[in-house]
Chemist: 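One structure, pasted below without further comment.
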Amino acid sequence: MGRIPFVKVEGLGNDFVVVDVRPGRPGANARESMDPDVVRAVCDRHFGIGADGILVILPGEQGDARMRVLNADGSEAEMCGNGIRCVAKVLYEDDATLRKPVIAIDTGAGLLSCSIDAHGGEAKSVSVEMGNPRLLRGEIPMTGPAGERVLTVPIEVDGHRFALTGVSMGNPHAVIFVDDEDLSLLELAETHGPKIETSPVFPRKTNVEFARVRTGAAGPEIDVVVWERGCGITLACGTGACATVVAACLEGRVTANGEVPVHLPGGTLFITARQEGSGSAATFGSVLMRGPAARVFAAEVDGSALARARRAAI
C-alpha cells in the first residue's frame, strides 16, 4: 500500500479529507482511502488527521467527476452539501481541464451542478443545485405508508415529545422546530439527536435538525444545529440547511422562492427553496445552496499504518 495524497478542505467548519483517485491524478493508486478502517483512522481527531469524513473523487459517470462520501465512522452517505462544495473547489483549483464556471458532479443524490464564484483562480464560494427534495415516507425513507408525507409528525424520545417534518435531500433528515427561545438547540441536538438518528422509524438512520426561525433585518432567518448521521454534532450541514428551509416552507414558517440565511455553528449558508403551491400540498423544484469552501492544507498519509496505530492505541 502506498501513501494517500489528500487536500484538507472545510465548508463552514465541516471539514473533510479529499482524495482524488481518478486515473492520472495524484491519488490514482490510493484506493485504500475508501477502506472503512482507514477512513476511521484518518478522521480520528486524536490519532489521525481529523475530519468529519473522507470525500473520494472518482471518474464521472454522467458529469465531470463523481463524489463518494465516507463518514467519520466508516459508513457511507448518499450526499453531503458542504462536501460537494469542497469537492467542486478542489476540482476547479487542481484540475486545469475543469477550470470552468459550472462543474457537474455525480452523487448518490443524482447529477448536481456547481456554479463557481472564483477570483484569481481560487474558488471562493460555490452555488449548488441540490435537486428536488423528497417528501414521501418511502423516499426519505421512513416506516409507514410509502406515499404519505411526514409533516409535523409526533416522535417521543426519553419522555420528550417533538414534532418532526421529514425531508430527503438524497439523504434523510428529521427537522424539528423549537419555538421556546429558552431551550438550547445545541443541547437538544446533543441529548436527543443520537436516539432520533437510530429510531426504528428511520430504516437507514437519519440526520436530525433542531431549528428556530427568527426575524432578521431582511426577513426570516433560521438557526440550526445538526446531529449528523455517522458523525454526531457538526459545525455545518449543507443538506441539513436545505432540508430545514424546505420543512419551514411546508410548515408555513417561511415563504419560499426567496433566499433564506441559515445560521449554523460554523457560519451561514444561503438557501433558496423553489416552491409551487402552498401548505402540505406544495411541490418543490431544485433547492439552491450557496456557501463558501476553504482549503486548509495538502499532504500525504500512510492510511494503512495509521489504521494499525489507531487499532493498537484503542
Chemist: Taking Val9's backbone N and O only, do any of them form a donor-acceptor pair with Arg295's side chain (distance below 3.5 Å, no angle check)?
Modeler: no
Chemist: Between Glu148 and Arg137, is there a side-chain N and carboxylate O pair less than 4.0 Å apart?
Modeler: yes
Chemist: Judged by atom type as modelled, is there a donor-acceptor pair below 3.5 Å linking the side chain of Arg40 to the main-chain atoms of Ala72?
Modeler: no
Chemist: Which residue pairs satisfy the side-chain hydrogen bond (donor to acceptor under 3.5 Å, both in side chains) criterion with at least one member in residues 199-213, sequence neighbours excluded?
Modeler: His173-Glu209
Chemist: Please check this pair: side chain of Arg85 against backbone of Pro292, looking for a donor-acceptor N/O pair closer than 3.5 Å.
Modeler: yes
Chemist: Determine yes or no for a side-chain-to-main-chain donor-acceptor pair under 3.5 angstrom, with Lys89 supplying the side chain and Ala123 the backbone.
Modeler: yes
Chemist: Judged by atom type as modelled, is there a donor-acceptor pair below 3.5 Å linking the side chain of Asn71 to the main-chain atoms of Asp73?
Modeler: no
Chemist: For the pair Asp106 (side chain) and Gly63 (backbone), establish whether a donor and an acceptor sit closer than 3.5 Å, ignoring hydrogens and angles.
Modeler: yes
Chemist: On the six-membered ring of Phe270, is Arg290 placed so that its NZ or CZ lies under 6.0 angstrom from the centre and within 45° of the ring axis?
Modeler: yes
Chemist: Within the distance-only criterion (no hydrogens, no angle test), does the side chain of Thr234 pair as donor or acceptor with the backbone N or O of Glu228 below 3.5 angstrom?
Modeler: no
Chemist: So, Asp15 side chain and Asp52 main chain: donor-acceptor pair closer than 3.5 Å or not?
Modeler: yes
Chemist: Could you tell me whether the side chains of Trp227 and Glu197 share a donor-acceptor contact shorter than 3.5 Å?
Modeler: yes
